[in-house]
Every structure is written in structure tokens, then in C-alpha cells.
> 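My questions will all concern the structure given below.
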Amino acid sequence: MRKLLLPSLIIVAASLLVIRIFYLQVINDTFKLKSENNAIKIKYDYPERGYVFDRNGKLLVANQASYDIMVIPRELKNIDTLEFCQLLNITKEDYIKKIAKAKVYSPRLPSVFLPQLNKREFAAFQEKIRKFEGFYFQKRSLRDYEVDFGANIFGFITQVNENLIAKNPYYKSGDLIGQQGVEQEYEEVLRGIKGVKYIQKDKYNREIGSYKEGKYDTIAVQGEDITLSIDAVIQKYGEELMINKRGGIVAIEPKTGEILALITAPSYDPSILVGRQRSKNYTMLYRDSIAKPLFDRGLLAEYPPGSPFKILTGLIGLQEGVIDEQTTYMCHHGFSYAPGRFMKCHGFGPHQLHNGIYNSCNTYFANVYLRLIGKYSNTPYAVDTWSNHVKSFGLGQFMGYDLPIGKRGNIPTSKTYKKIYPNWNYSGKTIISNSIGQGEVVMTPIQLANMMAAVANEGYYYTPHIIKKIKGASIDKKFTTKHVTTIDKKHFAPMISGLFDVYNLGTASSLRVEGIDICGKTGTAENYAKINGVRTKLEDHSIFVAFAPKDNPKIAIAVMVENGGFGATIAGPIASLMIEKYLRGKITRTDLEKRTLERSLQDRYAKLGGLSEAAKFEIRRRDSILKAKKTILMLKKDTIKKIN
């Protein structure tokens, strides 16, 4: 048997090699096709991208015809460059540069010479294209926006770069790809599958018909349509309300996690990033370092949440058992928490959870936070316990929504404070600003909206997402997976009662909408910036979070208006108006609407110059750390004096 084993293996291996060679040379023509590519011209047939609809079936994004002028450098012969350039309205210098770039890519393969001509631009060239050997045109479709809003949601289409071509063999030079927004996130769904035609050429380089009678040709498959969770009506309305303001708005359907509106201000008309002017217009938007229209503030801007964070402070206090609904603290327009340290407050008199919320009492929630941190003898453990509760609401992390950009925000842990205070301990008083959404706590508007969705649901949320339906496919299961917070359901009822009375008895009483039970919370976040090297306090950020109706909520919303002042001044009216618009389809608070539409904050923004949000956050963070360190030093000195 051993003597037969080796010969048998040799025979089997040889047989397999013969069969494979026969298959490749006789049956399969694929390698023959590649070897004959000098005599074969490849033409691609680009499909239409899938259409985009809103949750109610309104068409948002369609397609329009476009033409690319293609060039094969080695086939160029006797070109009248003057006439050619005049027809396409380009300079001779442009012509030379584009030909040189095409040669670098490949002398014998087609490259895009001039992309995205519309019908009018292409008409004159089409009549004379036969005069320009080596050039041909390729028809494709570009986006046709049916609306003038939602640019940050849609993204745009651009040509693939060389790095992507090297990584993904599907794309060739000149191909288009979705960039940003849903165009990028759902590129593989929307793009479809391009068709390929192989054209046989004779020895004179003339086309003589399909190669192998079209055996290897494929038909283009149109991209799939998608339906977004966005409500076009309130998306447009929200962008109108934010004209001459900067900030972000996110509205979510609590029971599903579907994003109803995703607004950043300022924004732009998505149609300006279509066609031959796309590059010029994109450069203009990109270089605007002051207004930053390409910066999606709803997803990327990180702000101190301010008073809305008191909702979590109260809920965690109830969950940890350090307070109940009757726990009372006296407020005397503020809270003295260390020698020379005083936290100002608008409240006065006794406060419990209910009126602590609707009066937004700093004193009450500062005391709750001190009890939370003081509950455990180990301060780092107490901080991590608090932090874990907060993070269960989806904060301090990338949330997993279906858009390609985002920020984590920041929820501090014991590791955070170990870096800040490596040599000596800290206490609840050191980091007390966390209790009212200042200090090291920062959040994005979408995180604030998701927090309110979890409160509206009494303890759970679904990952926010912008896709509602994909034709012929199902959405990712992660968007239908429930996330449960660490707070027991029973603790939400008293909190929701307090939020309801924010509109009836408290800081948002002037924003009531007759017939709609809204639960909300005003917020004002301190805002500092360095101007000419001097730390300057600017107008505070205006914040408002809400959900409605109180029973069986249909919408949760977070509004952040930079330098807007008190939460009830600008952010609050916007939230009330958008809630009414969504639930009723009309506005009865026309007084709020008129005031909000006419309100401009451009004079305030002029003081900021080109300072970025990142720079402003860094200034706030450093000032907060410095303030905390000074407090510790003061406490330490007082302790030494007492010992002596």
C-alpha cells in the first residue's frame, strides 16, 4: 500500500492540473478577455441611484441626466484644441492639465476629462464630438434635490479618489460615490450595480461590435429606494426657525428611536453641490470657518447640557436612595459649598424634587449630588457609580446611529479625576458643577434628545436612526433592540410630573400650547471665550429639552441655540413650535412663531470671530479644571489652619 501511495498522489495531482488548464483555456474565456484588453474597449453603464423619501412618502431626492466627457490619451489624434476648449468653456491650460492627469492614470484606459455636464452644456459638444478622436461621452445621473433643506442629512455625491480605488475594486477612475449623510451611510444600497459592455476593435482601432456577441456584458441594476424617518415638514420648519442663529435641533420618536428632524444651523441648499460648480461651492462652504455650514452641530457640537442634566441627577438620587420625593432643601438664591464658593440660583425657600425641577433649583440638585458622592466612603467608586447610571442613557459614547459622523461627548469617571488630581483626593464639592450639567459634562444635541426619549419611555430607548425602510431589504436589527437604563421605572413618574409643571408653574409657563401636554426643561449653559487674549464671558447658550404628549409621547426634542441666553428665550419657543407643528400640522402660537422667525443673533456671533467650537470647549474645560483646583487648595488651607 505504501508503494502505491506516492504514485497515486502524483496521478491525482496531475489530473487536477490538466482539468484546470483545460477549463481555463477551453471553457472559461475570462483570462482570454483580459489578455485581449488592448483590442477590447470597456464601456460602463451607470445606473440611477435609489430615490430618497421622507417618512410620509414625500420625494426628497431624485436624479437628473448628466454627461461626462471621457478621454483615452493614446487615442488622441489631430485635436483642434482651440475649438474643443471653446465648446466646453475651458482654457487651454485646463486642457493640458487634464490630459496630463489622464496619462498618469493610464494612457490606454478611459479617464473622466470633464464631469457632470448638464443637457444644455452638453448639447453643443455632442454635435461635433466625432471631430475629436480619443474623446467620447458617458451618460450618467446626478442628484436632483426636490427640496432646499436637509443638506446635512443627505450628504452629496463626489468623484472617488485614488486611495478608494486602490481599496475597492468596484470603483474606477471617474466613478461617483456618496459622501457624508445617508448618501455615504447607504452607498451600497443607493448606488446600484453598474453594467459593463465589451466592444471588439479591429487592427485599425475601429469598433466592430460586441465582444463574443455580448457574452460578458452585464446590465446595470438601479439602486434601491430608501425611506427616511425624517418628517420633511418639521425638518423644513426647524431650519426656518433657526435662520440667523447657530445651533442644533434633534427630534426623535421615543417609541422607535426614529429621528424625525436633524437640524444644524447655519445650513445650505443641497443643490449647490451638484454639477460642475460643486467643487467651487464646496470649497466656499469649507473655508467658512466662522459660520461653519458643513459642521453638523446636531451630531458634532459638544456643549455643557446645563439644567436639563438635573433630570438625571434627580433620577439617580432616587435610584440610589439618597432622596425621596419629600426630601427638602432650603434655597437662599444659591448654595454655599466651600469657603468663598457660592453657586447662584433663582430659587428661594424650601425645595423638593417636584418644585426643584420646575423651578430649576441649583441648590436642590447640588445637595442631591453631594449625597450621591458622599454615599460611599470611596469617592472614586461613588463617581463611577454615578457615571455608570448616566451612561446607561446613551451618554458619553458613540451612539451607533446610522450616520457617518458623531462625537462621544464626555461623562467623567474616576479615571478622569485621577488625571486632574494625581497627588491628592477630591470630593463631591470639588466636582459639584456636574450636578447641574456643567463641569466636565458635555453632550451633543442628539444625546440630549435621546436622553429625553428614554425619560419619555420611563427607562428605555432605541438607538436613534434615520432609516425607516429600504426597498427589498430590512433595516439593521440594532435599531429595533431595546436599551434599558439603570433607573427603575417607578422613579420616572415623579420626575415626569415635575417636567410637566415646568410648562404649568415653572420656567416655561409662557411657552404653553393649549391642548397639548408638554413635559420640558429649560437650560442655560455658561459660555466663555478668549477674545484678544482675554477670557470673556459671552451670552449663555440657550437649551431646551421636551417631549409630548405627556401620556403616550410621540416626539422628544432637544434644542441648542448658541449664545441664545436663557433656555426659555429662544430654544424653548422653538421646541414648543416644532412639537405643535408635528402633532397638529399647524401653529396656534403665532406670537411665538413671529418672534422666533424675526429673532437674529448675528450681532452676538460677530464677537466670536473665527473661534471654533472645539476651541471654546477647550477653554471651558481648562477653566473648569482650574476652578476645581483652586477650590481644593482653598479647602486644604482651611483644613491646615484648623489642625494648627
> Side-chain contact test, heavy atoms from C-beta onward, threshold under 4.5 Å: evaluate it for Tyr237 versus Leu577 and give yes or no.
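Tyr237 reaches Leu577 side chain to side chain.
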> Within a 6.0 Å radius of atom NZ on Lys469, are there more than 12 heavy atoms belonging to other residues, nucleotides or ligands?
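Counting other residues, nucleotides and ligands, NZ of Lys469 stays at 12 neighbours or fewer.
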> Please name the pair of heavy atoms, one in Ile153 and one in Leu403, separated by the smallest distance, quoted to 0.1 Å.
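That would be O-CD2, 4.4 Å.
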> One thing to verify: whether Lys236 and Asp148 come together as a salt bridge, which I'm taking to mean a side-chain N less than 4.0 angstrom from a carboxylate O.
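Answer for the salt bridge query: yes.
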> Check step by step if side-chain contact (heavy atoms from CB on, under 4.5 Å) holds for Ile436 and Lys310.
CA-CA 5 Å; Ile436 58 171; Lys310 295 172 183 174; 3.6 Å; yes
> Can you confirm whether the side chains of Thr524 and Asp540 place a donor and an acceptor under 3.5 Å from each other?
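There is no such pair between these side chains.
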> Can you find a side-chain donor-acceptor pair between Tyr364 and Asn355 that sits under 3.5 Å?
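The answer is no; no qualifying pair exists.
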> Which heavy atom in Ile249 sits nearest to a heavy atom in Gly238, and how many Å separate them?
CD1-O, 4.3 Å
> With Glu562 as reference, evaluate Arg246, Arg297, Lys292 under the salt bridge (Lys or Arg N to Asp or Glu O under 4.0 Å) test and give the passing residue.
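The single option meeting the salt bridge (Lys or Arg N to Asp or Glu O under 4.0 Å) with Glu562 is Arg297.
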> Answer whether the closest heavy-atom distance between the side chains of Ser576 and Arg589 falls below 4.5 Å.
no
> Can you tell me if Tyr376 and Glu320 form a side-chain donor-acceptor pair at under 3.5 Å?
yes
> Count the heavy atoms belonging to other residues, nucleotides or ligands that lie under 6.0 Å from CD of Gln397, then report whether that count exceeds 12.
yes
> Consider only side-chain N and O atoms of Tyr358 and Ser509, and report whether a donor and an acceptor are under 3.5 Å apart.
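Short answer, no.
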> Checking side-chain polar atoms at under 3.5 Å, does Thr327 have a donor or acceptor matched by the opposite partner on Asp324?
yes
> Under a 3.5 Å cutoff, is there a donor and acceptor pairing between the side chains of Tyr605 and Asn563?
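No.
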> If we only count heavy atoms from C-beta on, is the Ile311 to Leu499 side-chain gap below 4.5 Å?
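With C-beta onward as the side chain, the pair touches.
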> Could you check whether atom OH of Tyr268 has more than 12 heavy atoms from other residues, nucleotides or ligands sitting under 6.0 Å from it?
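Buried by this count: over 12 neighbours within 6.0 Å.
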> Any non-hydrogen side-chain atom of Met242 less than 4.5 Å from a side-chain atom of Pro266?
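The answer is no, as the side chains (C-beta and beyond) never meet within the 4.5 Å cut-off.
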> Side chains of Gln235 and Glu239: donor-acceptor distance under 3.5 Å anywhere?
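Yes, Glu239 and Gln235 have a side-chain donor paired with an acceptor closer than 3.5 Å.
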> Applying side-chain hydrogen bond (donor to acceptor under 3.5 Å, both in side chains) between Thr463 and each of Lys482, His483, Lys478, report the one that passes.
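Of Lys482, His483, Lys478, side-chain hydrogen bond (donor to acceptor under 3.5 Å, both in side chains) with Thr463 is met by His483 alone.
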> Once rounded to the nearest 0.5 Å, what's the spacing between atom CD1 of Ile574 and atom OG1 of Thr596?
6.0 Å
> A side-chain contact here means heavy atoms from C-beta on lying under 4.5 Å apart; do Glu514 and Thr588 qualify?
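With C-beta onward as the side chain, the pair stays apart.
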> Mind checking whether Tyr421 and Tyr417 have parallel, tilted or perpendicular rings, split at 30° and 60°?
parallel
> Any Lys/Arg nitrogen of Arg55 or Glu253 sitting under 4.0 Å from an Asp/Glu carboxylate oxygen of the other?
yes
> Check whether the side chains of Ser307 and Ser360 place a donor and an acceptor atom closer than 3.5 Å, and report yes or no.
yes
> Salt bridge or not between Glu224 and Lys471? Use side-chain N to carboxylate O under 4.0 Å.
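So Glu224 does not pair with Lys471 through a salt bridge.
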